[in-house]
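Just so it is clear, the values below take in all heavy atoms, side chains as well, and ignore hydrogens, waters and symmetry mates. Worth saying up front: this structure is predicted, and the values here are computed from it rather than measured.
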Amino acid sequence: MTEQEYDFNAIEKKWQTFWEQNKTFKVNDFELGKPKFYCLDMFPYPSGAGLHVGHPEGYTATDILCRYKRMRGFNVLHPMGWDAFGLPAEQYAVETGTHPAITTERNINRFRQQIKALGFSYDWDREVNTTDPKYYRWTQWIFSQLYKKGLAYVAEVPVNWCPALGTVLSNEEVINGLSERGGHPVIRKPMRQWMLRITEYAERLLADLDELDWSEGIKEMQRNWIGKSTGAEVVFEIAGSGHKVTVYTTRPDTLFGATYMVLAPEHPLVDELVTDGQRGEVALYREQSARKSDMDRTELNTEKTGVFTGAYAVNPVTGGKIPVWVADYVLISYGTGAIMAVPAHDTRDFEFACKFALPVICIIEPDGESAVAAGVSVDAVLAGKACWTGDGSLINSANDMGLDINGMDVERAVRTVIEWLEGKGIGRSAVKYKLRDWLFSRQRYWGEPFPIVHMQGGETKLLEDSELPVVLPELEDFKPMGTGEPPLAKAKEWLDYTDQATGQKGVRETNTMPQWAGSCWYYLRYIDPQNELAAVTSEKEKYWMPVDLYVGGAEHAVLHLLYARFWHKVLFDLGYVSTKEPFQKLVNQGMILGLSYKDQRGALVPMEQVEHRAEGVFSKLTGEVLTEFPAKMSKSLKNVVNPDDVIREYGADSMRLYEMFMGPLEAVKPWNTKGVEGVFRFLKRVHRMINEQPLEKVALTADQNRLVHATIKKVTDDLESMSFNTAISQMMIYVNEFSGRGKVLPLDAAETLVLLLAPFAPHLCEELWQSLGHNETIAYAAWPAYDEKLLQVAEVEVLVQVSGKPKARVMMPCEADNGFMQELALGQETVRAALEGKTILKVVCVPGRLVNIVAK
RNA sequence: GCCAGAGUGGCGAAAUGGCAGACGCAGCAGACUCAAAAUCUGCCGCCCGCAAGGGUGUGAGGGUUCGACUCCCUCCUCUGGCACCA
């Protein structure tokens, strides 16, 4: 055979064209006799910067799995699309006047071309784009369903208003009180907003997590976000007035230790309760805390503030009067916006009580042992000089109204107090969640319009399904008004609406939906992307759902995944989808970091000032020694790796293989271009081996056969568990064994390798498969099977240890029994020498592995 | 502060109770070459030793076990998330 170079460029172009022209990866619904496999990637936001090396990591993993599943006879749904609404395109439009639709289309084309260059086996006929009216028509339709079900409502709520950007921002877009883009200050401002009642689904969103095959870490993050707590609501009377205040507490057992009460500054009863003497001070305090930005709130975290209202509440178990304070460490948005303060057993209350000299009454004697472990003095707690939040024994907790919990532990006391309160009708057990309703409107242009019209009569009208989509109007000027009025308010003609039936006039809703909307249901649209009569037809939905595997970055651990689950559950309740949960299995790929450098003072040094020498890494400017460390890729450090460059130099197959070889998919790992050269060498070797070594139809030796079957087993098992890195290692071992200049290569060994490697390096393997004489694509060739019997060896090397120290290695039959092993081991000269003058206490035999002789 | 995850050679890592460091990168030595690239061969945790060999070693300390990177307890460090949620 003639020498051929591994021309990855020609090979990759050839097969990408082949797949495209032959629609190799077009998938049909309802394939007979094939199990389905729905494998989903988190679709990208097509930014102007193009793909970075993080995107292909997850995409490569899913592509390998999809190609493997096809070879195993699965009907595989593997689609791609674009999450294209969002702020960057709109900002760009404001700056340049370029319509976001144009920017978006340009970016999508770039992304599509970059993704195709990696040879992913997507069914491109199912591509979706959230900004396409044919798509967002159904996003609007789902909103209609939410609205009809009473899950969408308008409320005046405080939002993150950024005056510099002239828009509200979501909580995720605000970092330490500054806007994520531009770093402008953000203030709280009440505005009329659309909200979605996600809180109504809090319990199910929490409970159904248990059935999902997600990492415990992600599930725990969702649980914490939903933040369920159980406790009690207790009614306190305000002395000398008819008012009652309900507080929420998780520790009703500590009621005897409640020495004051705190209301949130925004609590509606503050005005009613405040005494004339305190009115001025309270008003001032409320004003101050209302003005506090998010940044102030986080920074002032440490120091507690508050003022006395002058009013007193009556502790319902002691009958004692306790002062009512106003303080912003109590949040109006959680619980009832009012608390009973138990400084002896709550760290925040303790801090506050110390600062304002409020009484501290200990009513739980700490467990001695746990107090010692926590470094807390029991005497100090009993004297009210220290705070104890752990378990213990109740003291000073009895009254003459039939309640006595002295001596009980916390758990029993909680139950007893709740029963007592319920009996008296002044309290009840209660469940609270941290989860808040979802602020669902934005004052932006580049988002889905709401299917809502405000009629002249004041009525809010939901548009008929036949009136969808409400298409975004063309605008010349995308700038926000600065008043909080959305840019759509400028689309004068579009705004006017006339009801076809009644002739009534109205004005369209000018807010748009947040970027999350489109991504809440895209996995359903892939199933039936062209359907103009429904978001998805029921038969197809039943066939494909749920998503069997969902892969994406952990940055969406809470929000996207929670929002999508919420919508899915609503659609489930309405009978539009057949599964309770959308994503059965979820895997989060770890971030790929760039190599970064810092100088002696710890200052970051950009890549272009870094010089590599044999002795180490130095700064080109100062000549000082630099330290290498992995950090997030960033424009400022100039350490962003562009996949295009990698593909140009080493090819898409090397790029794919390297990203999988770096380490476990879920681990965070640093990029090292030198590593790409390693897998590139491996692929060159495979290419050379099959093209240049004499290929013969010869029988494999027993050792070769064992390696072939062991490799099939290892690669198969590793693919099932998504351990791509070790599967690649095994194939390297295989190639190291079979390759060599002039060495005869058994045809079976060659074919098996090409089949096993095909999901990882599909272009090269299609080419090699063809050169091995196959006319069909390898994409649907049968996955090799292994024979467990061929993995077995007649004899194994067994390690003989004396008291744990290796002393000899002995070949023994695999099925040797303990007696035989022991005898053989004791017969070894080195073993006998080591046992000289010692008594054997015990012999441990592990068949096929080792013999350990314990002697003294 | 709370929750989760992770700490193994110069580097990415492997081994989930049985010979730590497979596989790869970098490095060193050699072959081929006028030379370079590519390719091939060998070495490659640390310490002592010319070597044979010995000692030591998976963040630290303790425990369970014939045997621990792996299981249990305490602590330290790093990463991610949440953060006055009563």
Side-chain angles (χ1 to χ4, degrees), chain A residues 5 215-225 227-229 231 247-251 254 262 264 297-298 300-304 327-331 333-342 345-349 351-352 373 389 432-436 554-555 557-558 588 590-591 593 595 612 614 616 628 630 657-658 661-664 666-679 681-682 684-685 688 723 725-736 739-741 797-806 809 841-846 848-855:
Chain A
E5 274 294 296
S215 75
E216 267 316 305
I218 298 288
K219 288 203 225 178
E220 203 53 33
M221 275 165 75
Q222 292 224 346
R223 287 190 193 109
N224 291 341
W225 190 265
K228 181 178 182 173
S229 81
V247 303
Y248 173 68
T249 177
T250 53
R251 295 291 302 276
T254 61
V262 185
R297 282 220 170 200
T298 37
L300 290 172
N301 230 334
T302 45
E303 189 73 354
K304 294 224 166 4
D328 65 3
Y329 82 92
V330 174
L331 309 173
S333 49
Y334 183 77
T336 60
I339 63 156
M340 62 176 212
V342 185
H345 308 291
D346 181 284
T347 50
R348 296 150 304 184
D349 296 343
E351 215 180 291
F352 191 84
T389 56
K432 300 286 175 196
Y433 300 91
K434 285 194 225 172
L435 187 69
R436 311 285 151 80
E555 68 272 20
V558 174
N588 291 110
M591 206 190 326
L593 304 174
L595 281 182
H612 287 265
E628 188 180 87
L657 207 59
Y658 174 62
F661 187 59
M662 286 169 86
E666 300 188 54
V668 177
K669 38 206 176 279
W671 178 271
N672 178 7
T673 300
K674 281 282 179 200
V676 188
E677 285 177 28
V679 293
R681 274 200 276 270
F682 166 68
K684 272 200 289 193
R685 235 167 159 197
R688 201 166 44 235
S723 309
N725 53 334
T726 48
I728 295 167
S729 296
Q730 181 65 33
M731 288 189 279
M732 286 175 168
I733 294 169
Y734 188 103
V735 170
N736 288 345
S739 71
R741 196 172 290 273
E797 191 185 73
V798 170
L799 178 76
V800 182
Q801 298 177 325
V802 174
S803 297
K805 301 267 181 212
R809 281 157 236 279
L841 301 176
K842 187 176 183 179
V843 179
V844 182
C845 291
V846 183
R849 287 203 181 263
L850 64 72
V851 178
N852 188 11
I853 302 157
V854 188

Is there any protein nitrogen or oxygen under 3.5 Å from a nitrogen or oxygen in nucleotides 1-7 of chain B, and what are the pairs?
unit_1	atom_1	unit_2	atom_2	d
B:C3	O2'	A:N224	ND2	3.4

For this session: Verify, without hydrogens or angle tests, whether A:K669 (side chain) and A:P664 (backbone) share a donor-acceptor contact under 3.5 angstrom.
Result: yes

Exercise. Are any non-hydrogen side-chain atoms of A:T336 and A:Y334 less than 4.5 angstrom apart?
Worked result: no

Exercise. Within the structure shown, what part of the strands sits under 4.0 Å from A:V844 by heavy-atom distance: base, sugar-phosphate, or nothing?
Worked result: base

For this session: Identify the two heavy atoms, one from A:S729 and one from A:F661, that lie closest to each other, and give their separation to 0.1 Å.
Result: OG-CE1, 3.6 Å

Exercise. Expressed as a whole number of Å, how far does the C1' atom of B:G1 sit from that of B:C46?
Worked result: 40 Å

Problem set entry | A:T673 side chain reached by A:Y658 side chain, heavy atoms, under 4.5 Å | no

Problem set entry | Atom-to-atom span, CG of A:N588 to C1' of B:G81 - whole angstrom | 12 Å

Exercise. Quick one: on RNA chain B, does A:L799 or A:N852 contact a more 5' nucleotide (nearest heavy atom)?
Worked result: A:L799

Exercise. Given that A:M662 and A:Y334 both sit by RNA chain B, which one's nearest nucleotide is further toward the 5' end?
Worked result: A:M662

For this session: Scan A:S229 against the nucleic acid and name what it touches under 4.0 Å (heavy atoms): base, sugar-phosphate only, or nothing.
Result: sugar-phosphate

Exercise. With rounding to whole Å, what would you report as the distance between B:G59 and B:U79 at their C1' atoms?
Worked result: 15 Å

Problem set entry | base_contact_polar (B:C19 base, A:Q801 side chain, donor-acceptor, <3.5 Å) | no

Please list each protein N or O that sits under 3.5 Å from an N or O in nucleotides 21-27 of chain B, with the distance.
unit_1	atom_1	unit_2	atom_2	d
B:A22	N1	A:S729	OG	3.3
B:G24	OP1	A:N736	ND2	3.2
B:C25	OP1	A:R681	NE	3.0
B:C25	OP1	A:R681	NH2	2.8
B:A26	OP2	A:R681	NH2	3.1

Exercise. Mind checking the C1' distance from B:A20 to B:U70? Whole angstroms is fine.
Worked result: 11 Å

For this session: Quote, to the nearest angstrom, the P distance that separates B:C25 from B:G7.
Result: 24 Å

Exercise. For the side chain of A:R849 and the base of B:C19, is some donor closer than 3.5 Å to an acceptor across the two?
Worked result: no

Exercise. If we take the C1' atom in both B:G45 and B:A26, what is their distance in whole Å?
Worked result: 15 Å

For this session: Taking atom P in both B:C43 and B:G21, compute the distance separating them and give it to the nearest angstrom.
Result: 14 Å

Exercise. Using atom P of each nucleotide, how far apart are B:U77 and B:A86 to the nearest Å?
Worked result: 28 Å

Exercise. With a 4.0 Å cut-off on heavy atoms, is A:E666 in touch with a base, just the backbone sugar-phosphate, or nothing at all?
Worked result: nothing

Exercise. Could a donor-acceptor pair under 3.5 angstrom be found where the side chain of A:K304 meets the base of B:C84?
Worked result: yes

For this session: Quick one: label A:K432 by what it contacts on the DNA or RNA (base, sugar-phosphate, nothing), any heavy atom closer than 4.0 Å.
Result: nothing

Problem set entry | A:D349 CG to B:C84 C1', straight-line distance once rounded to whole Å | 10 Å

Problem set entry | Minimum heavy-atom distance between A:R251 and A:T389, given as atom pair plus value | NH1-O, 3.5 Å

